[in-house]
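These notes are about the structure you will find just below.
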Amino acid sequence: MDEMKTQYAQVIVDVATMQTNQPYTYVIPPELAGQVEAGMRVVVGFGRGKRRVQGFVVAVSAENPLTSSAKLKPILEVQDLRPVLNQEALQMADWLARYTYAFKITCLQAMLPAAMKAAYTKTVSLTTSEVTPAVREMFAQKDELALAKLSPEQKKLLAPLSKQGKIEINYHVKDRAKSKLVLAIKRSLSETELQAAKTKLRKGAKKQAQLLDYLQTLPLDKEVFQANAQAKTGLGAAIFKAGAEKGWLKQSKVESYRNPYKQEVVKTEAKSLLPQQAQVVQAINQASDEGKAQTFLLQGITGSGKTEVYLHAISHVLAQGKQALLLVPEISLTPQMVSQVKARFGKEVAMLHSGLSDGEKYDEWRRIERGEAQVVVGARSAIFAPLPKLGLIIMDEEHEASYKQDDMPRYHARDVAIWRSEYHACPLILGSATPSLETRARAQKGVYGWLKLTHRANGKALPAVSLIDMKKEIMTAPVQDISQVLLAAIKQKLAQKEQVVLMLNRRGYSSFAMCRECGFVLKCPNCDISLTMHLDSHSMRCHYCGHEQGIPSVCPSCHSKRIGYYGTGTEKVETELKELLPTARILRMDVDTTRKKGAHEKILRQFGARKADILLGTQMIAKGLDFPNVTLVGVLNADTALELPDFRASERTFQLLTQVSGRAGRAQKQGEVLIQTFNPENYAIKLAQKQDYERYFRMEMAVRHRGGYPPYFYTIKITTSYRDEATAAKKIFQIAGQLKQVLSPTAQILGPSPRSVMRVNNRYYYQLVIKYKRESLLEDYLQHLLLISQKEERQGLRIVIDREPINFI
DNA sequence: AGCACGCCGACT
DNA sequence: GTCGGCGTGCTC
């Protein structure tokens, strides 16, 4: 046997603060030789102390790549038997870190289920018995005590001992990713042998005979869960154990997946396609057959049957032995959507969404990684699903803001999807009725392929959309959230036993308390935002930091009792509706009623079962719901989002109104949509009413061109924040000054300026936005800023770099 | 995060 | 003159 030469591993280390974004070299000790591969998680020592951290091996080499003869530390532990990240994932992490200005470690972690991130614990133990009785008492039960669980008194007691070296701190790195192991059994004898064993049994051994009978019904090499066998036979665990001892059967521990799908789904067959759908599927199939990394915009009006197109395209790649990835916005990952895909592809489907526990997510991830699932459906982070034979990526509702992650790594799933489509040489489909301007513009330029669905699958016309001018309403009737026209329409639908969806566009404002005498507005003590009234908890709450206090009856400023509540919240509208329509059954769906897990689904199920007449909610009811009995959709306040100082406000309003309009008349009945607005002349609202995306696109593109906004310019937002305003401001101005040195004259800097809600949780926020087309020096400057910003972070000054930010306010 | 190195105040 | 303050820098 030739001796194994010492090997070295390049490790990206999990040190949240002070990242160098560069791997560290570790020695692979002899006892771990041959066990360490790129893509595995390891535990290593880091720093001068005894600190242990998790790391990712990104490369293994036979030579020490370091020229300096620095003493290398060994890898202490290997956490995986096989790599958890393949070459694709490692390359993707490198790209993602650079592209989004993130640390590599956060990129690597983003690709894995949360359960695989290490849990760090620290413990204390005594190094000597020469301590006071009080201290000895503390360690009477256990040698090691968890540092986090010590009381302040206990800590005080131990503090002096640490200087004397009488105690030591131990660092533990724990892998939280635990597969659930359960007992399985397999019969180990042939039928004749079992029969023979049965004859040898003493009389009266009924249970054992029963077990032998059961074993005979099992196919020879089939492993079954013992729990299932116990349930089937009614026999206890002891009998199975005895059977194993007698050699009738073999017991083993097998990995069992936690099963998040409660109900069985009935398999459905593919529906036949309309000619237009068939053409689209044909184009996609051709690209996947040719192995082309082509991105397509699939622009299809609401109800045009995009989902059926997806399913056909997926089954085509599955037939080629390849895998498919379907991304949907978190909010539309409804049971309806899920069961549609499950019904078509059955056990081939894995699901990744926020409704699953960490353990369930880990199990689904394992199923994918082991090649047991060929189709993955999931929200944003599912774009990293480990599918080695990826043949098709689909992003439904590609314009949705939830595809952008708002903490590090600040990636947009679309960018990652394009990267993976190129890596796998497979097509990417971006589906939407209202594509983002960026995507639509690229389709026009020919960068993306452009597929269109212009007919509704059910042959019905688009619902009739009308605007209600609230300025006129106010002149003729007292101020209310629901106009006379809308009220009359609701009454009519209820009389016909049809259902109504009412949407409140809450973004930007909701009910706040103001003194009618002095104009005092009740604000959050920690944030620059007014408190919102919540009737259910009878309190005033801050939506930014969660601060909560009682509803004031006296003005804190002038002590007047004349406090009024202004604005519109779902609760207030609900109260108003109950007064206007005492017999109507109303379901409310907003952040408050959906906070509990599963509440979202429950409300929708109730509404689907016609247990309510009116579904009243915020944005979350606009997406992907499909209720055949809904014939009226009302939008109570179309324009609140328009006022926001964000160049995308108009685009969002248009998309939202178009989407919600599509909720009416999904099936046989003709739908009707009523939109209440104070700006009936605004082009976003007018064109949403006409359902004219193309004209909206042209008008908005002209606006963007004039203002120098995306898609004509790239944008990067930099935010600084600190607990005192001057420091945050000083830093952002310093960065702006440096940027001016770096940028060419064609680039622009917006700001610096305080963020519109400047103070949140007692931190002050300042920001600037860079608009540019091509800047050769910018990239290096920002990478540099990312690395040096960590030093400031330690002092509490936070710097955030966000490429192509979604929110500008 | 945590440890070492380094350069200024109040003390044996 | 020294002990120790915590600002600064580095961690394979």
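Chain letters run A, B, ... following the sequence lines, proteins first, then strands; residues in each count from 1.
- Taking only distance into account, the side chain of A/Arg51 meets the base of B/dA1 through a donor-acceptor pair shorter than 3.5 Å.
- Considering only side-chain N and O atoms, A/Lys122 lies under 4.0 angstrom from the phosphate OP1 or OP2 of B/dG2.
- In summary, the aromatic rings of A/Tyr411 and A/Tyr403 are positioned with their centroids too far apart to meet the 6.0 Å limit.
- Rounded to a whole Å, the CG atom of A/Asn21 is 17 Å from the P atom of C/dC12.
- Summarising the geometry, the separation between OH on A/Tyr26 and C1' on C/dC12 is reported as 5 Å, rounded to the nearest angstrom.
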One pair to check against side-chain contact (heavy atoms from CB on, under 4.5 Å): A/Thr720 and A/Thr727. What are the steps and the verdict? CA-CA 9 Å; A/Thr720 59; A/Thr727 310; over 6 Å; no

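- Regarding A/Asn170, its CG atom lies at a distance of 13 Å from the P atom of B/dG2, rounded to whole Å.
- A donor and an acceptor atom never sit less than 3.5 Å apart when one is taken from the side chain of A/Arg794 and the other from the base of C/dG7.
- Atom pair A/Ile169:CD1 and B/dC3:C1' shows a separation of 13 Å (rounding to whole Å applied).
- At whole-Å resolution of the value, CG in A/Leu147 and C1' in B/dA1 are 13 Å apart.
- Mapping A/Arg48 and A/Lys73 onto DNA chain C via the closest heavy atom, the residue that lands nearer the 5' end is A/Arg48.
- For A/Tyr120 and B/dA1, the OH to P distance is 13 Å, given to the nearest whole Å.
- In this entry the distance linking CD1 of A/Ile788 with C1' of C/dG9 reads 15 Å, nearest Å.
- Residue A/Phe46 contributes atom CZ, which lies 15 Å from atom C1' of B/dA4 at whole-angstrom precision.
- Judged purely by distance below 3.5 Å, without hydrogens or angles, the side chains of A/Gln783 and A/Tyr101 never pair a donor atom with an acceptor atom.
- Checked by atom type and distance alone, the side chain of A/Gln154 pairs as donor or acceptor with a backbone atom of A/Ser151 at under 3.5 Å.
- Within the 4.0 Å cut-off from OP1 or OP2 of B/dA1, not a single side-chain nitrogen or oxygen of A/Tyr171 is found.
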